[in-house]
Chemist: 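I'd like to ask you about the structure that follows.
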Amino acid sequence: MTSSLAQIDLRKLGIENARHLLNRAGFGVPRARVSKLAEMSPEAAVDCFINFEQFADLTEPPNFIGPAVDLEEAMQMKRQINRSDGLAALRDFRQQEREKVENLKSWWFNLMRTTNYPLREKMVLFWSGHFATSAEKVQLGYFNYHINQVFRDYGMGEFGKLVSEVGRSPAMLRYLDNVQNVKGHPNENWARELMELFTLGIGHYTERDIKEAARAFTGWGVQRAGFFFDRSRHDTGDKLFLGRRGEYSGDDIIEIIMTQRRVCEFIGRKLWEYFVYENPSTELVERIAQEFRIHKHNIRHILRTIFLSKEFYSDRAKSGLVKSPVQLLVKIFDDLQIQLNRTRGERLINGALRAMGQDLFYPPNVKGWEGNRAWINTNTLLFRYNITAFLVNGALPAHQAPMRLDAVQPASTPQAANAPFDVRAFFKREVTSADPDPLIKICTSLVGSEPTSEQLKILRRTVPNGIHSAGEDELRSVVHLVLSMAEYQLC
Amino acid sequence: MLTRRRFIKSAALLSACSYLPAFLEDALAAQDEAGPGRILVVLQLGGGNDGLNTVIPYREDQYFKLRPKLAQRDQSPLLLSHDLALHRSLRSFKELYDQGKIAVINGVGYPNPDRSHFRSMEIWQTASDSNVFQREGWIGKYFDNCCSGRAAPYSGVNIGAELEQVFNGASGVGVAFQNPGSFGWREGHGADNLPNFAALNEFQRTSSNLDFLRHVTADILASSEEIERASRYSRRQADYPAGKLGRDLRIIADMIAGGLQTRIYYLSHTGFDTHANQLNQHDRLLKELADGIKAFVSDLDQISRAKEVAILCFSEFGRRAEENASGGTDHGTAGPMFLIGDKVKPGIASEYPSLKRLQDGDLIHTVDFRSVYAEVLRNWLNSDPEKVLGHNFPALSLFA
């Protein structure tokens with residue numbers, strides 16, 4: 001067990017470390033980037049992720065959503081509610097907003113897949129689980145986009161600032177009911193989760209602290225499409241919070257929380273478990289916390305320290321975290337250069353992420369997504385294998401098609417014509433005449449490590465006459481089998 | 001499809017040592033406390049079933065006052081007791097009730113009720129207090145605590161595309177499928193890689209993520225094979241009503257007949273969120289429910305397995321006492337549960353909530369749903385409810 005964050009000492013990162021860095025600080029894509037990172041020093045390589053602004057921002061905001069559009073429709077809806085057809089209009093409105101969220105899911109997934117800022121997007125995903133809100137309850141599409149953008153704009157900066165922006169976002173104000181938290185009728189939901197789930201963890205505050213904090217946040221609400229502080233509903237009285245006394249406002253509460261040493265351990269540990277490995281030693285967490293404190297809760301700084309540490313490149317760290325459903329799909333798309341018809345493809349991806357347990361904008365509850373092994377049960381793992389089969393093979397024989405995928409590809413279509421995966425192009429790209437054993441080559445490229453002799457023996461059974469004389473079905477078969485190795489589920 | 005024999009054979013041929021994959025050993029060894037002949041079917045009515053119109057206090061003036069449009073009048077053929085009657089669409093339930101096969105549990109809910117579908121269903125599935133968030137489901141915890149040895153993953157079966165949260169637990173029990181044939185590894189045209197896939201996923205018993213993944217894969221393969229084997233058992237087809245519920249119940253009966261060693265089945269019947277124009281919709285749903293259950297019980301009788309099965313039916317909340325302005329009802333609180341089976345103690349098991357003492361227009365529960373779970377855990381599944389639910393709940397007697 002180590003307790004050190006000492007920096008790794010290497011002249012060049014090397015292929016294995018570069019792949020590991022790309023898998024963790026990013027989504028493991030594009031694979032071609034590994035060799036370039038391998039040639040850099042650790043500082044230079046990590047710098048690419050940390051100081052991402054040096055690269056062009058390819059992010060396009062979604063054009064189907066925005067405060068003006070959504071707000072107008074929401075206002076219209078409210079006016080109609082009391083009329084006799086109010087219920088039908090409400091249903092239509094809800095349906096429309098649900099569709100916006102479906103489109104937002106696709107927008108976000110494509111962003112993660114193609115971004116020039118992988119670490120920023122990896123952090124957006126992290127924060128969206130940490131500061132969980134759900135479109136199940138927050139039905140307005142725009143509010144879901146807004147908080148997603150808050151994670152993008154503030155997620156790599158100072159933690160206290162992020163908390164303050166999240167606390168002001170309409171999605172959070174609605175989700176944790178702070179819109180109902182008013183003078184004389186406090187609602188403690190936000191105050192409680194702010195401390196229990198977002199900053200301190202159970203045992204580091206009292207029920208009284210929650211009550212007092214709730215009073216301080218009274219008046220924080222939503223008006224038009226944004227944050228609005230209603231002074232008339234704010235409890236201006238004296239509050240006693242974490243041992244301090246004053247006429248605190250919500251911002252004061254956040255500031256006082258940020259002075260607690262505990263915040264650094266709490267967030268530090270979560271970051272380590274997300275990026276490196278589970279159950280770090282207490283001593284290591286203390287070191288991380290120390291760094292976080294020294295750098296005044298700056299996320300960018302602590303991430304840099306983590307990615308440059310020797311421990312990040314240890315065997316334990318490299319032994320693999322289970323890929324999130326998003327990362328698995330992003331990786332398959334990149335590895336196989338998948339081409340999907342746009343609309344059907346988006347529905348397929350949204351459905352697949354949901355079936356694998358990561359329904360974007362719909363975390364299972366306020367605790368977000370647990371991750372790692374929690375992604376895996378017989379059903380979600382089977383779905384991972386079967387979605388892979390679908391992407392590799394295109395349409396599957398009708399009786400075999402998994403339920404959700406039937407709608408995307410008509411089962412009677414000949415495979416090759418509509419296959420999202422061009423297997424011959426794949427082999428042309430991946431295998432050159434310089435490769436003594438094409439099977440070892442593609443296995444290593446896709447999985448990240450050479451197959452054992454046992455694994456190789458099994459894989460060879462799919463192409464008994466070798467890869468060069470294999471037919472298309474056999475080639476798909478071998479790729480499918482390689483991607484069905486448990487190793488491919490890890491990153 | 002890969003047979004167990006073929007699977008073991010290929011595994012043995014390909015591995016250096018020829019041991020039985022661990023999961024098979026565990027599954028063969030696992031003895032759970034329930035013993036043979038105790039199957040639980042949990043039927044979830046999704047959307048919030050209007051309990052007041054399901055089990056009806058037909059003598060109460062308040063009932064008619066609160067529901068001028070929706071009140072069910074003329075219940076005489078479906079009387080359960082002096083004061084209560086069943087909705088007229090539940091004729092099949094009345095028959096089962098008269099045969100002594102139904103326990104009606106009135107007023108089931110929990111303190112500080114939540115009226116969000118999502119949250120309330122989560123509370124019912126995790127058996128948590130309403131202000132506590134838990135990831136594990138009560139059935140997941142049952143499997144974690146009930147067995148000496150590791151239960152086979154298909155010990156819990158969810159008819160549906162996704163595994164419900166109710167199965168979340170450490171031991172990974174629970175498989176979900178909409179059709180028995182759909183739970184399996186897919187491959188492309190002409191491929192025959194199942195043995196190779198199985199061989200690649202041989203695992204050692206380390207605690208690494210790699211072995212964990214391979215172990216779950218082995219669970220998938222074993223479950224897939226067992227489910228397929230059970231579905232191939234041919235038998236005389238019983239009559240079920242048209243619709244999804246009938247189909248799902250038939251699948252469960254097929255699995256039982258086919259010998260799938262499943263302890264708990266879970267399925268859903270949805271559409272109960274009747275905010276507007278409730279009458280026809282609710283009529284239809286209740287009829288489907290009762291007719292489906294009756295067909296299921298009858299089917300089980302035919303294969304002489306009826307004594308082994310208990311069916312527990314619930315909804316995430318009832319609906320408000322007063323009807324709304326759209327011919328429907330809004331989210332409420334307490335509602336009835338039904339426990340159906342040869343071994344249940346028939347009759348009315350608990351007090352109907354008072355219509356005169358409402359809380360903010362909602363019924364006050366007379367039974368905590370955890371008491372019902374506890375009774376089922378203790379007296380049907382022979383397990384310790386406190387281990388599963390965390391603490392004790394007031395006792396309720398539901399089995400003869």
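Since we're looking at a predicted model, the values are computed, not measured. Chain A is the first sequence line, chain B the second, and so forth, proteins listed ahead of strands; every chain is numbered from 1.
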Chemist: Taking atom CG of A:N189 and atom CG of B:N131, what is their separation to the nearest 0.5 Å?
Modeler: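 Separation between the atoms: 10.0 Å.
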
Chemist: For B:F197, which atoms come within 4.5 Å of any heavy atom of chain A: side chain, backbone, both, or neither?
Modeler: both

Chemist: In sequence, state the C-alpha distance, the side-chain angles, and the governing distance for B:F118 and A:S134, and then conclude on side chain to side chain contact (heavy atoms under 4.5 Å, CB included).
Modeler: CA-CA 11 Å; B:F118 186 69; A:S134 173; 5.7 Å; no

Chemist: Which distance, rounded to the nearest 0.5 Å, do you find between the OG1 of A:T462 and the CD of B:E187?
Modeler: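 It comes to 11.0 Å.
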
Chemist: Of the backbone (N, CA, C, O) and the side chain (C-beta and beyond), which part of A:E278 lies under 4.5 Å from a heavy atom of chain B, both, or neither?
Modeler: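 Neither part; nothing is under 4.5 Å.
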
Chemist: Which atoms of B:S208 are under 4.5 Å from chain A, going by heavy atoms: the side chain, the backbone, both sets, or neither?
Modeler: backbone

Chemist: Tell me, side chain or backbone of A:N372 under 4.5 Å from chain B's heavy atoms, or both, or neither?
Modeler: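 Contact with chain B is through the side chain of A:N372 alone.
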
Chemist: Using atom types as modelled and distance alone, determine if a side-chain donor or acceptor of A:N377 lies under 3.5 Å from a backbone N or O of B:V173.
Modeler: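 No.
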
Chemist: Just verifying a value: how many Å separate A:H480 NE2 and B:N196 CG, rounded to the nearest 0.5 Å?
Modeler: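 Going from NE2 on A:H480 over to CG on B:N196, the span is 11.5 Å.
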
Chemist: Compare all side-chain heavy atoms of A:K137 with those of B:R119 and state whether any distance is below 4.5 angstrom.
Modeler: no

Chemist: Can you find a pair of side-chain heavy atoms, one from B:R214 and one from A:Q489, that are under 4.5 Å apart?
Modeler: no

Chemist: With a 4.5 angstrom heavy-atom cut-off, which part of B:N201 approaches chain A: side chain, backbone, both or neither?
Modeler: side chain

Chemist: Quick one: does A:T378's side chain have a donor or acceptor within less than 3.5 Å of a partner on B:G174's backbone?
Modeler: yes

Chemist: Do the side chain of A:N379 and the main chain of B:L163 share a donor and acceptor less than 3.5 angstrom apart?
Modeler: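 A pair under 3.5 Å: no.
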
Chemist: For B:F133 and A:E193: C-alpha separation, side-chain torsions, deciding distance, then whether side chain to side chain contact (heavy atoms under 4.5 Å, CB included) applies.
Modeler: CA-CA 11 Å; B:F133 289 90; A:E193 305 306 358; 4.0 Å; yes

Chemist: Determine, step by step, whether B:N193 and A:S477 satisfy the side chain to side chain contact (heavy atoms under 4.5 Å, CB included) criterion, reporting the C-alpha distance in whole Å, the side-chain angles of both residues, the deciding distance to 0.1 Å, and the verdict.
Modeler: CA-CA 8 Å; B:N193 278 319; A:S477 199; 2.5 Å; yes

Chemist: Measure the CG-CG distance between A:L490 and B:L210 for me, rounded to the nearest 0.5 Å.
Modeler: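 A:L490 CG to B:L210 CG: 5.5 Å, rounded to 0.5 Å.
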
Chemist: Please report the interatomic distance CD1(B:I220) to CG(A:L381), rounded to the nearest 0.5 Å.
Modeler: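 Going from CD1 on B:I220 over to CG on A:L381, the span is 4.0 Å.
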
Chemist: Working to the nearest 0.5 angstrom, can you tell me the gap between B:Q134 CD and A:N365 CG?
Modeler: 10.5 Å

Chemist: Which answer fits A:E370, side chain, backbone, both or neither, if we ask what part of it has an atom under 4.5 Å from a heavy atom of chain B?
Modeler: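 Both parts, backbone and side chain.
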
Chemist: Can you tell which part of A:E136 gets under 4.5 Å to a heavy atom of chain B, answering side chain, backbone, both or neither?
Modeler: side chain

Chemist: Tell me, for B:R135 versus chain A, whether the close heavy atoms (under 4.5 Å) come from the side chain, the backbone, both or neither.
Modeler: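 For B:R135, side-chain heavy atoms alone lie under 4.5 Å from chain A.
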
Chemist: Could you check whether B:R186 makes a cation-pi contact with A:F390, meaning its NZ or CZ is under 6.0 Å from the centre of the six-membered ring and within 45° of the ring axis?
Modeler: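 No, a cation-pi geometry is absent between B:R186 and A:F390.
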
Chemist: Given a strict heavy-atom distance threshold of 4.5 Å, which part of A:P364 is in contact with chain B: side chain, backbone, both, or neither?
Modeler: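 For A:P364, the contact with chain B is made by the backbone alone.
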
Chemist: So, A:Y385 versus B:T217: side-chain donor-acceptor pair below 3.5 Å or not?
Modeler: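 Looking only at side-chain atoms, B:T217 and A:Y385 do form a donor-acceptor pair, the distance falling under 3.5 Å.
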
Chemist: Please identify, among A:K367, A:M485, A:E474, A:Q455, the residue contributing the most non-hydrogen atom pairs under 4.5 Å to chain B.
Modeler: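 Max contact count across the listed options: A:K367.
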
